[in-house]
Every structure is written in structure tokens, then in C-alpha cells.
Amino acid sequence: YPRKKSKTKQREETSFILIIYRLTPKLEFLMIKQKQSNLLSGLWSFLEISSSKNHLDQMNEQKRKTYIIEEIQQMPTIDTIPSINNIKLAGQCRHLFSHIDKQYIIYYTHCEQNDVLIPSTSMQWFNEEQVQTSAISTAMKKVFNVALPQIKLKTSNGKKNGTIDNYFRKKNSKV
Amino acid sequence: YPRKKSKTKQREETSFILIIYRLTPKLEFLMIKQKQSNLLSGLWSFLEISSSKNHLDQMNEQKRKTYIIEEIQQMPTIDTIPSINNIKLAGQCRHLFSHIDKQYIIYYTHCEQNDVLIPSTSMQWFNEEQVQTSAISTAMKKVFNVALPQIKLKTSNGKKNGTIDNYFRKKNSKV
Amino acid sequence: YPRKKSKTKQREETSFILIIYRLTPKLEFLMIKQKQSNLLSGLWSFLEISSSKNHLDQMNEQKRKTYIIEEIQQMPTIDTIPSINNIKLAGQCRHLFSHIDKQYIIYYTHCEQNDVLIPSTSMQWFNEEQVQTSAISTAMKKVFNVALPQIKLKTSNGKKNGTIDNYFRKKNSKV
Amino acid sequence: MFEARLLHGSIFAKVIEGLRELVNEATWECSGNGITLQAMDSSHVALVSLVMRSEGFESYRCDRNMSLGISLVSMSKVLKTMGKDDSLTIRVNDDSDSIIIAMESQNQDKFADYELRLMDLDSEHLGIPDTDYSCTIKMPSSEFSRICRDMSIMGDSVLVCTTKEGVKFSAKGDLGQGSIRLVQTTNIEKEEEAVVIEMKEAVALTFAVRYLSMFCKAAPLSPQVGLSLSEDTPLMCEFKIAEMGHVRFYLAPKIEDAEN
Amino acid sequence: MFEARLLHGSIFAKVIEGLRELVNEATWECSGNGITLQAMDSSHVALVSLVMRSEGFESYRCDRNMSLGISLVSMSKVLKTMGKDDSLTIRVNDDSDSIIIAMESQNQDKFADYELRLMDLDSEHLGIPDTDYSCTIKMPSSEFSRICRDMSIMGDSVLVCTTKEGVKFSAKGDLGQGSIRLVQTTNIEKEEEAVVIEMKEAVALTFAVRYLSMFCKAAPLSPQVGLSLSEDTPLMCEFKIAEMGHVRFYLAPKIEDAEN
Amino acid sequence: MFEARLLHGSIFAKVIEGLRELVNEATWECSGNGITLQAMDSSHVALVSLVMRSEGFESYRCDRNMSLGISLVSMSKVLKTMGKDDSLTIRVNDDSDSIIIAMESQNQDKFADYELRLMDLDSEHLGIPDTDYSCTIKMPSSEFSRICRDMSIMGDSVLVCTTKEGVKFSAKGDLGQGSIRLVQTTNIEKEEEAVVIEMKEAVALTFAVRYLSMFCKAAPLSPQVGLSLSEDTPLMCEFKIAEMGHVRFYLAPKIEDAEN
């Protein structure tokens, strides 16, 4: 028989995201393919470390970063641990799934040993355009857009492009 | 030790298939990638809604269509429900799996809001050639070949290509 | 809290690998995509048949080959059984996973009915370059490098390329 | 034994290049009269008919009639190796399962020999009736190529209408619509560049542009192309092979779909 | 009604081809004075300003001012079908939602008509101040194209420095670094091949090479290109359209990032 | 300091372009005598030996012997920016870790300077024995390019046989088989177009066509190519660099596989 869509109160969750990027050959971001056990099967995402609210309450920033590094070392998809010099906080964002209200706390770090992470079907380096156009969830897009400006600032050799709007003002009447 | 292949009586099943197609930019068909839990893991297929024989016995055509629409709204792989104006019956076909005797009842519908279905690794639009050459099971190929002529008739602007055979007759002797 | 990496004694396992190759259109190797239930999800590998040590102890070479053929006939990813004339032993290799010490006994065979194995996302023919550059685990790379010289010898029309080193000797001083 | 020799082998290369995209493999019928070929594309929407008369060859010998199954794709790869001025000899020995393609450079210092396996092909032949076409158009083959390319930018189908004024090609699609109209050339300076239209009855027929574009692969064979049309009849598109014969393509028109 | 006719339609094709990669769609402002267009690329880093005066057309009629939303990408596909010597007529009827592009071959035997749908586009216009630039450089447009291509091999950004000696372009990246220096031409044999530098003040500005390369798509319009630079000001890159107007590209410079 | 200048820089671009696909990076040995280079491809099946004598340069200075690790791929990208008539200067300062490539246009109004990082490369050198080859063939380099391209259509390996009649190249594969036979040119009109064969002993050797095709990337260096063969010896393929030296490629033959 036709079934009605059930409406339940959404569960709240928090995850840490770690965006690992490299500069050689170009600015690229490490993404992994989701395990095929959940709704987002087959989509690419950044490294995600779940954290219950209890844990979060107990950690300060320094402890969070240490926690993230050690969790990554446990992950089976990473063959060798990149040398993570310094993990930086990009920001936060929130995404409403159909039954989960999820908060993302987003970190980013530069990976220097890019030759030890072997691309596989479950882990690859994506450049900015590929991230924007590949199969990633709406949630990960939000995460990326929070982190991207920060990463670009850090990697842009101190120069970013100005925009024409800064130089020419809008007109009321056309030419 | 070498094991003999067991031969058991095949179980009977019936599924509804809904082939969603769009016309912009071209005639394309929506396919999803099978969950990785069964034998057909990794293959593409059309939207499939299982139905026990009891259910089928209780539904008339109108009820079947309503059932299909509401089942699709539950599916996690579809982010937004396409506006399904009118679901049409294409036909039926049967496929013998190694241990299942499966009946497919095949429907098709035009999706107008093609921009709300985001292509991902688990859901994509395929044109006719891609359907025929991609990784789809023999069962889905049968399903497609039942529905395709119907969909083409509906979408062909009233014009389809004739064939030379209609104009030139076979010869007995060669020139 | 940060968790320490546990160090347990590694479990020993043995597997048979069967590398199926074809010569038309070119020298290519059959690979299947791992089921998404283990750590190596999404990676390509050759046909692998687990075998407990007991079984191995009981088999001589002839029995092993028969066992392999019959195991493959059971595999769901192969739609039709290739005609396996003759299975040849390539060699052995060993790979240490994080918690498994695995021994591979590697066989190879020529498949003549290459048109009955339908490429799908879970099974495809790879040429040598693709095997070396695609997403395969370190273990499978070792397996391939054991078998490849043997297969090439068998298929090279009796001719292989010599190297310059065989003709010109190293110098102590430069020109 | 079958052996045919052409002083200018490039003609043969152009013939095969003009066919191979529409028809990957086909049967060559070799007889004392020459070589003929008739084949439909895989969708049976188009048919090609080739005639190369024995008189057009430098030398020609055909002891008994032969049906040779040729991979036009493979033949095309081999013929691409031919030099601009090479001569070409094609030979099939009795009881042989291969065809030999021999090329000789003009200054006779380079000799190439290729041997391709013959194929086992089913060949059904259709009878092509002599048609009294309502309208025949002759135009430069390069012009026709351009028209097909331009119409394909606008849509998949092209409507061909002939009137007293001339012939009009139209197509429409996502971008919008477009049409190209040709009028008869009044000032016939160069015959090869003329557009000549003979019309007994007006026609309006729709064709799939994709096939017309494939026919244009044979355009290098002749500076002019001939189009012949009648209502409810396949279009005929002809490229003459100078002093040897012709390549004729037939394309079934698109028809109204009764169900809609 | 709006109708404009050009004897040499290829000029128009070159204009559209020069714009369409930077700006996929834009609004044409049609008035009695002629056609103007102003649009920024999607990143708002570059702006293009087009002027085609009505006097430059063979015939020009514009009953009332019109703002036409045009897909430059679609227009470009249609204009590519134009023959080398075709004339071009562009027309928009009153109360019409499409633009008509008509081409006529020189010998008047081929007439092509295309109809594209007009688009609904937001158009914001910016006021471009008259700038007294510190430095203006005229050089062959082919030379500038080559410099952009060569610099793009070395890096993403190019530093443009002008001194008494001339102008220097530099870029650096993974391969290493490179620079190209142009000096003023002393022996002005052909005016079109001359390099002329007028400098009031030295400038040193950094630009994204990618955009400069896109500007060069308009190089076929004119044998010469004009570059105008001032500190802290967008570069202006001008290609004149002979006897009709100009295409001017403006590119915001790269600036120091305060946070680093 | 090392500094070498060429009036016609394009020669150098052709040398690098001829090497870079076979060998991505290599060590240049610079001494008072000139520049030499010797490197094997990654599979050790082929070896290239380059000699450019100091007398061939417009000016040449080499204070002390240097081994420069050069990325031929990067060098090739930079040299592609050179104009047809540009002069070229290559310089390495003492204690520098980079190589400077300077180009000057003929009319001296454009100066380009590029700086590439030197690399740290292991270089092992092999001694190439003076071989008294059984057979030497001189032919136009374009002819040899075409033969390699044609043979590669038929198969992976080419069998080279020399007899009294001339030299024959054969290949076979899925399509079938093919062979090309060259005879000695009797009427030597233009020396550059001649085919000259000197044979002391017949040879029959098999080589991988892929490598021969890569050697042909150096064909622009010289209108003629020299092939030298002996049984059980690597083939030598030589392109002379006019008045400066040569590029010599060596290719190990394919051998019978004992196990089969």
C-alpha cells in the first residue's frame, strides 16, 4: 500500500573534516570514496572523522588536532601517513540530511610526501575544478567552499587577483 | 574437495521497473548503480521496486502507478522527486537468474526537472548508445529493449527513419 | 582519546591466484573488482581462491589445478566458464598486510573464448600498462610481477628484446 | 586469379576512404566486367553501390567470378600508406584466403606489399530500380560537404525542398533553426563550380544529416556531386569516378510516425 | 526593427570569436549610433567593451533602442558556417524573440538564414573612466599572442615591467623562470610590425596569463594590439576594428595578499 | 663558466626534440671539445649518443669540464618558444644550479631569457665499440619515417633483411602482413633523395618498430639518415648535424626466446 513519508526528529552529529592538499604538480585535494554501506555510496568526500559530542566537549583545539592525526593513522585507505606539519582550522558548516543534522568542523593541512599516497579507485587527488564537478555530496561541497578560500590564500604566493568591480563602478544609465 | 554445483528450484519474483527519461539535452535515461551487496554489484540498472506477489494481486493499474511514485520518493539515491506527470506501461519481460525466476513489469515516464537530479557515481543519465554498451546486466538489457521502441515513438517528433529494405527488394541473383 | 595502534601477531593465510590472459586483440589480463566488504574495497585484483592450510597439505599439483577450475565455476562474477586448457604455475610470493601474513601461489592460463566474458564494472581486461597504473594493491602488483615474465615468454612468438647492456660494456672514464 | 592494376592508386584509396565509415566490411564482386560492391550500413537506413569498370584499370584480369569479403577498415589503413603518385596492384590468387595489395613508387625504387585476410561475409543484394527522379541537383561536392556540416550544427534532420527558385536545406534544434538556399548558376564560368537543378516536380523530404555527412567522405573522388530526389523514395547521392564508374549512396527518408 | 548589413561578414565572425571564450553570453545594446556590448567574465576579473559604429556597416537601421540577449557561443557556431567572402545581415523584427543571421555568397548563388533565440540576461553596466595611462605599448598582435603563449609555459602569472629600455614580461613556475623583453622598433619599415612604447612612468604589474591568452582570440581583428598600463589600474588591451570601432579588454591586476 | 652560441638556434631545438621522447632527462657533458650526451631509455633497449663539436658554434667557451643534468622535456618546452630565425645562447655560470637559455630575434627587437633548474642525475656511460657493419643504408630521412609509420600499422616488430637486391622491411599482425622493399637508386639526380646500400654480408634482424619511430623524431635534423646493421649487433641509426656532429641511436635487436 502507498506508505507515508515518516517525519522524525533529526539526530544531531558532529564530524571533523581534514582536507589534505598538495602543491605539486598543482593545487590538488585528497578525496576518498565512501564505503558502500550508506546512502552516500559511491560519492567522493574528504577525510571524515566522526566524533561524539562528549569527546568534542572535552577537547581543546590542540587536543582536537592530535586526535585527528591519530585517527587518520588508523584508516585503512591510507597506505602511509603523510607528514602532517601543521593542521589549520578553516571553519565550520552545517548540513541537514533527511534524518541527521550534521555539523562539520573543517581543518586543512599541506601534505609534502605526495608520492607515498597511491591513487586508487578509493583515493585520488582532485584539482579544484574536478572537486566542483565530480560526484560529491552537497554536504562536501559546502565543506569545500568553506576551506577553499583559506587554502588558496595560503598557497597563492601572496598574490590574488583583484576584480574589475574594485576599479569600475556601476552606472545607472547605460552607454 | 571439488564441489558440485547445486540445483534447486528457482524462486519466483516480480519487480516494477520505472525508466525515467529526459529530452534535454538529448534523449537520455536515468540509471542507478546497484548497491554492492548482491551478485550484480557494480552494474547499472533502472529504478527497480520489488513487489511481493500479494501486493501485485491487490493492485489495479492506477494503484500500481501511485505505488511506484511513492516508493521512489523513499529512495535515498534521488535527492529531489521529479515531477512525474504520467507513468506509462511499456510491457513485461522475464529473466532467469541462477536461482530466481524474475518477472519485470516495465513503466516509463518523462522527467521535466532534469536539473534537480545531480549526476553522481551512483546515478547518471545515459543516452541509448551508452545504455547498450555500458555495464548493465542481461536482465536490464531485456527491460530496455522492451521500453525503448515505446519511448522513441513518443519522443520522435512524429518522424522516424525508414529503411532501405522498404524500398529495394532482395535479389536472387547478384549483379 | 587518542588511541594507540595495537600490535598483534599476524595471522597466516594462503591463496591461489589465477591470472587469466588473452591474446586477442592484444595481451590482456582479466581482473575483477574486489567486493566492497573489506579494506581493499574498490581495488582491482586477479581471481583469488582462498585455501586453508589443511586443504593445501592434501593436494598435489594436479589436484590444486582441478580445485582452482571448479572454484572458479562457482564464482558469481564470471558469466561463462572459459575453456581452461592448461593451468600453469608461475611461482609464489608473500605480502605482509597489517594483520595478515599472506602467501600467494600463482597460476596463469590462456583463455580462448574471450568473447564470452562480458566486461563490466566488476570485471575487465587490462593490458600490461593498465595493470601497472590502475588501482591495484601492492600485493597484486607483486603477484603480477611474478607471473608477467612467464606469460610474456609464452606469448612472445619466441622473440624478446635484448638490451643494450648485453652489447656495450660500462666505462670507467667518460668520453 | 584476380589482378587489377591502377597507375594512380590514390583513386582507389579515395574510394575505400569514402566507404569505410558507413560500411566497415563488404563483399567485392569481381568479374570480367570489373569490380562492384553493394552494402547497407548496420542500421539499414543507407545503401552504397560501387562500380569500377575493368576498362578503367591499367590492366585487369579476372579468370573467374569472385566474391571477396573485405574489411574496408583494414584496407583503408593499408591504403593510407600509399604515396601520392604510387601505382597500385590488387591480386587474389586462386584458392587463396588473402588479398594482396602492392604499391610501387613512381620512380620505381620503393615496392610495398601488403596481405590482408579475406573475411567470410553474408551478402544480401538488393535490386535497385531505375528511378525517374522528380528532381536532380548537381553542385560542387565541396559545397555539399559544407551544407551538411552547417546543417548538422543546427539539428539532426535536414528537410530538402525543391521549388522553381532552387533547392533549400533546413534544420532546427536547440540553438534555433537555419536554412541554406541554392539557386541555379546563371553564369557558368567553370562547369565544376556550377549548380544545376532539373525539376519535374517539387519535392520535400527529410533526411538524417549524419548519413549525408558520411556520404561526403567520398567527395574527394569528384569535384561534383549529383543528388536525385523523388517523394517517398530514397535520395541518391552520386560521385563519379572519372573514366571508371561511380559511387552511389542511397538514403531512406524520414517518415511521419503514425502513432503520434 | 533592427537591421545591420556588412559586405565582409568575416569581420563580425572575428569579433564574436574573440569574445565567446571569455564571455559565453552578453547583451548587445543596439541604437542609432551602432552596436555596443559590455560584459564581465564569470569571475569578474576581466571586462570586455565592444563598439561597432553604425557608419561602419554597409547599411544600418535601428528604429528604437534594443537590448538583445545573445548566446555568443551559439552565435559563434552559426557564424563559423560563413564563407570567406560572404556578406552578412543581422535583423531583429519588432516583438520578435529571435535574431536572424543571413549570409549571402559573393556570387549570389547561396543564401543561408539562421534564427537564434534571444535570451533574458541581467546586464549591469560599469562606468569605465577615461584613464591617462602611464604606459602604452603598440605591437603586432601575433607577437603578443606568442608572448602570452610562451609565458604560459613557465607560469600562471606574468609580471609586466616597463622601463626606459622597453617592456619586459616575466613568469616563473615549476620548470624555472623566463622573461621576454621588447625594445622599441628603431627602423620602422612596416608600420604594422613596429613596436612602439610611450612611457610617462615606469610600471610593474602582475596579471593572470590565462586571461591575456583569451584576449588574444580577438587578434585576427587587427594586425596591431594596444596595451595600456598604470599602477593599481586594470590593463587595457585594445584591438581596433577597421573603420568601425574597437574591442577593449580590461584585466584587473593581481595584488599582494595582506594575510600572508 | 660555460657559454655556447648558435646563430640558428633552431638546430638545437631539433636536437632536443629528437631526443626527449626516448630519454626524458640526460646529462650533457660539456668540455672544450664541445657537448656530448649519452643515455639509454628506461627499458635499456635503446641508447642515444649526441656529439656537437665546439667548432660548430658561433662562439663557444667552456672554462672547465661540466656534467649538466638536464630535463630534456622541460628544455624542449622552452625551445619551442624560439622564433624561426632566432639566435640561441646557452650559459651556465660557475657554482650555479641552473642553466640559462637566451634567444634573440633576428632584427634584435625581442630578447627572451629562460632559466631551468639543473638536475642531479646518475649517469653511467657505456663504451660503444667501433663496429665494422655488414650493411649500411643511406636513405632520405622522410622515407625512413614513412616506412616506420607504415610498418607500425601492421605490427610491433619489423624484420630488416638485406640482400643483393636491396633492403626489405616486413611486419605482421592482426590485420595481416606487409613489407616494403627499397632498391638502390640508379639515377642519382638529387643526392639527398638517393638510396645507397653497401653490403658486405646479408643480414636479417628484428627490431621493435616503436623505437625506430621515436628515432625518427630527429629526422628534421638531416635530409638523410644512415642505418648500419650487423648480425647480433645493435642497429645504428644516424642523423648528421650539419657541420657540428651527429645524433646516433642504437637499438638492440629482438632475439629468439630459448624457452619456447
Side-chain angles (χ1 to χ4, degrees), chain B residues 19 21-29 85-91 106-115 125-134 141 144-175, chain D residues 27-31 33-51 65-67 123-131 155-159 172-175 205-211 230 232-236 249-260:
Chain B
I19 299 182
Y21 70 91
R22 70 177 179 186
L23 291 165
T24 318
K26 288 187 178 296
L27 175 58
E28 291 177 341
F29 309 91
N85 294 322
N86 213 355
I87 296 180
K88 292 177 177 46
L89 176 69
I106 306 158
Y107 292 89
Y108 61 99
T109 187
H110 178 208
C111 168
E112 292 166 338
Q113 292 162 286
N114 58 62
D115 55 340
W125 293 99
F126 286 66
N127 65 33
E128 182 190 343
E129 191 190 343
Q130 289 167 331
V131 174
Q132 300 287 17
T133 55
S134 287
K141 273 210 165 93
F144 185 63
N145 287 329
V146 166
L148 183 64
Q150 312 267 9
I151 296 176
K152 283 199 141 179
L153 274 180
K154 244 209 162 329
T155 59
S156 64
N157 286 334
K159 282 203 181 293
K160 59 173 188 173
N161 218 115
T163 58
I164 290 283
D165 314 88
N166 291 342
Y167 298 94
F168 300 160
R169 298 275 153 246
K170 282 188 191 172
K171 299 172 66 167
N172 288 330
S173 65
K174 304 179 201 165
V175 169
Chain D
T27 303
W28 296 7
E29 308 289 353
C30 306
S31 72
N33 293 328
I35 304 175
T36 64
L37 175 155
Q38 196 203 81
M40 279 189 284
D41 78 296
S42 55
S43 70
H44 281 211
V45 157
L47 178 141
V48 61
S49 173
L50 164 72
V51 167
N65 288 5
M66 283 179 165
S67 294
S123 61
E124 43 177 60
H125 278 252
L126 305 183
I128 302 170
D130 271 330
T131 312
D156 293 334
S157 307
V158 59
L159 170 67
K172 62 186 179 185
D174 300 332
L175 293 189
L205 292 156
T206 305
F207 298 101
V209 169
R210 196 164 77 86
Y211 288 93
S230 273
D232 222 8
T233 312
L235 160 151
M236 181 182 84
F249 296 98
Y250 296 86
L251 178 60
K254 287 195 152 188
I255 54 185
E256 278 301 331
D257 177 17
E259 283 218 20
N260 277 8

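So you know, we letter chains A, B, ... as the sequences are listed, proteins then strands, and number each from 1.
- Considering every non-hydrogen atom in both B:Ile164 and D:Val45, the closest pair reads CG1-O, 3.3 Å.
- Looking at residues two or more places apart in sequence or on another chain, you find no side chain to side chain donor-acceptor pair (under 3.5 Å) involving B:Tyr167.
- Among B:Asn166, B:Thr163, B:Asn161, the residue making the largest number of heavy-atom pairs under 4.5 Å with chain D is B:Asn161.
- Proximity to chain B is limited to the backbone of D:Thr233, based on heavy atoms less than 4.5 angstrom apart.
- When heavy atoms are compared at a cutoff of 4.5 Å, D:Asn65 does not approach chain B at all.
- Nearest heavy-atom pair, B:Gly162 versus D:Ala252, reported as atom, atom and distance to 0.1 Å: O-CB, 3.5 Å.
- Taken to the nearest 0.5 Å, the CG atom of B:Asp165 stands 4.5 Å off from the CE atom of D:Met40.
- Residues passing the side chain to side chain donor-acceptor pair (under 3.5 Å) test with D:Ser49: none are found, sequence neighbours excluded.
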